[in-house]
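Throughout, a chain's letter reflects where its sequence line sits, starting with A, and its residues are numbered from 1. Heavy atoms only: backbone and side chains are in, while hydrogens, waters and symmetry mates are out.
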Number of protein chains: 2
Amino acid sequence: MSQTVDRALSILPLLAEGPANLEQVSVRLGVHKSTALRLLRTLHEHGMVYRQADQRYRLGARLFALAQQAVENLDVREIAHPHLVELNENCGHTVHLAVHEENEVLYIDKVESRYPVRMYSRIGKPVATTVAAVAKLLLADLPEPERRALAEKLDYPRYTPRSTPDATAFLAELAKVREQGWATDLGGHEESINCVAAPIRGADGRVIAAMSVSAPNVVVTADELLTLLPLVRRTADAISREYSGNGPAKHPE
Amino acid sequence: MSQTVDRALSILPLLAEGPANLEQVSVRLGVHKSTALRLLRTLHEHGMVYRQADQRYRLGARLFALAQQAVENLDVREIAHPHLVELNENCGHTVHLAVHEENEVLYIDKVESRYPVRMYSRIGKPVATTVAAVAKLLLADLPEPERRALAEKLDYPRYTPRSTPDATAFLAELAKVREQGWATDLGGHEESINCVAAPIRGADGRVIAAMSVSAPNVVVTADELLTLLPLVRRTADAISREYSGNGPAKHPE
DNA sequence: ACGATCGTTGCAAATGTTGCAACACGACCT
DNA sequence: AGGTCGTGTTGCAACATTTGCAACGATCGT
């Protein structure tokens, strides 16, 4: 849309291949040397390119600084929220978002069910680590030794007959969850409540958060809830993509 | 030099602070909404910015990819990293690696302290040039006229009573550092934080990077930290040797 | 249903960008 | 030295690109 900016930005991937001098840049851009010079000067002033001792240009450190600052300010919650709302509008059930922090798993966002019968939970409150579907996903992604150490440190309360009984069972469950890429909690915490959950991954593929849909079985049976799995996974994937800055282009052309 | 590109690039640091909508961008740029829209579109086409579900803009994936390539070109980092880790394993404190570029000194790598009390710093962020130990080493190696010119252009913020007060004091400190081949920062930036640093040299003997060990004095006193100096210098020398292709033979023949 | 807020589009004016040609500088060769 | 090649740099005039405007649309909340 903007020719000048378009040309300037085209220089960056070109330099990413390796240092280049003015002539080479102008030729590959298809513009006059003087034009390339002025574009490079502007990029230089912004620290996006750097001029090395032999006068050739390479990518500058400011690029690195920007990226670093951006990831620090990234907030999963902010990005995920609209997606959670959309999912809730589609299925009507309670939607949760959780992260792993300091050996606890915490809900950091929630969209309430639109059915009259709701499950109890509170944002900011630690979840039942050994049974919650989101906890399984978050812990399943830990490095093996850490995962094992944590599993052995945990208590395994018998909330219901279907609760995870001990560390061995928990580790087996984590392995399964890690393999299949999603998790459930079928009455492990409250007899009558089921959840399905899917992981949200950062640009490097590591699980940074997990989301779930929960419903009491007076509203839908476990089987019915499971039919929502593809939708939940699609939503989680969309959040992952957006979080890593790879979402579908939304600009009308 | 190029107004259009200049404006477009100014959008990036602005978005690095966090997502912003069209209106906010146009106001902070001081241009009309339609102008900002077109610039953002162009950035968008190049993947430098991304539009999230709520229509606000943030930095895009291409920027991260470029940043990645930019640091890969800084190959000191690759070579140094294992040494930094080893040093951290030996002493437990925060270890930094920094380079000088375009009149700024930037951290390009960091290994976190294993003590609970940590100092704050960020990779990619410019350091406090007038007080940081690594900055002293990098600037001390500049040719005399450049060094003087730079020293006189700098601001000398009084972070603490022990901060470098003015250009004269700074140049004297640089001379000392150049002479002794190592540098310290004893509470010059944060009252309670001390650093010792050593230079990494290329094959021609010029300082190409600097590394430091930092610790708050609630963990170790300045005197105790100074006992680490020989270790820091040995590590820096090892990196220098490896960088200039003189490292310890990895495949003894 | 209405007003408010924010994003989007077409257009005409003019500002900013472009390519040119000439110059500057250094390296290299005869 | 002088000359030539290869590059980077600058001033300028022509004009293409960008700009701000104003009007339109979409969405939201009361």
Item to check | Parallel, tilted or perpendicular, as decided by the 30° and 60° cut-offs, for the rings of B:His96 and B:Tyr107 | outcome: parallel

Checklist entry - Is a salt bridge present between A:Glu78 and B:Arg58, judged by a nitrogen-to-oxygen distance below 4.0 Å? => result no

Checklist entry - Considering only C:dT9, D:dT10, C:dT17, which nucleotide approaches the side chain of B:Leu37 most closely? => result C:dT9

Checklist outcome for this item: Between CD of A:Gln55 and C1' of D:dT9 the distance, given in whole Å, is 10 Å

Checklist entry - Whole Å only: how far is the CG atom of A:Leu39 from the P atom of D:dT17? => result 14 Å

Item to check | Nearest-Å distance for atom pair NZ/P, residues A:Lys33 and D:dG11 | outcome: 16 Å

Checklist entry - Nearest to the side chain of A:Glu23 - C:dC6, C:dG19, D:dG8? => result D:dG8

Checklist entry - Does A:Arg51 make a side-chain donor-acceptor contact with the base of D:dG8, cut-off 3.5 Å? => result no

Next on the checklist: By nearest heavy atom, map A:His32 and A:Val5 onto DNA chain D; which one lands nearer the 5' end?
Outcome noted: A:His32

Next on the checklist: Ignoring hydrogens and geometry beyond distance, is the side chain of B:Ser34 in donor-acceptor contact with the base of D:dG20 at under 3.5 Å?
Outcome noted: yes

Checklist entry - Has B:Thr4 got a side-chain N or O lying under 4.0 Å from the OP1 or OP2 atom of C:dG16? => result no

Checklist entry - Rounded to whole angstroms, how far apart are CE on A:Met1 and C1' on D:dT18? => result 13 Å

Next on the checklist: Can you give me the closest heavy-atom contact between A:Ala209 and A:Val76, atom names plus distance?
Outcome noted: CB-CG1, 4.1 Å

Checklist entry - Please give, in whole Å, the distance from D:dG25 C1' to B:Leu22 CG? => result 15 Å

Item to check | Below 4.0 Å: OP1/OP2 of C:dT9 and any side-chain N or O of B:Arg41 | outcome: yes

Checklist entry - For the pair made of CG in B:Asp54 and P in D:dT27, what is the distance, rounded to whole Å? => result 15 Å

Checklist entry - Atom CZ of B:Arg7 and atom P of D:dT18: how far apart are they, to the nearest Å? => result 12 Å

Item to check | the helix from C:dT8-D:dA23 to C:dT30-D:dA1: angle between end helix axes, five pairs per end, rounded to 10 degrees | outcome: 40°

Checklist entry - If only side-chain N and O atoms of B:Arg38 are considered, is one of them under 4.0 Å from the OP1 or OP2 phosphate oxygen of C:dT9? => result no

Checklist entry - Whole-Å distance between D:dG8 P and A:Leu40 CG? => result 10 Å

Item to check | Lys/Arg-Asp/Glu bridge criterion (N-O < 4.0 Å) met for A:Asp75, A:Arg77 | outcome: no

Checklist entry - Heavy-atom count around A:Gln180 CD within 6.0 Å, excluding the residue itself: above 12? => result yes

Next on the checklist: To the nearest 0.5 Å, what is the distance between CD on B:Glu17 and CG on B:Leu59?
Outcome noted: 10.5 Å

Item to check | Residue whose closest nucleotide on DNA chain D lies nearer the 5' end, A:Gln3 versus A:Asn21 | outcome: A:Asn21

Next on the checklist: Tell me whether A:Glu101 at atom CD has more than 12 heavy atoms from other residues, nucleotides or ligands lying less than 6.0 Å away.
Outcome noted: no

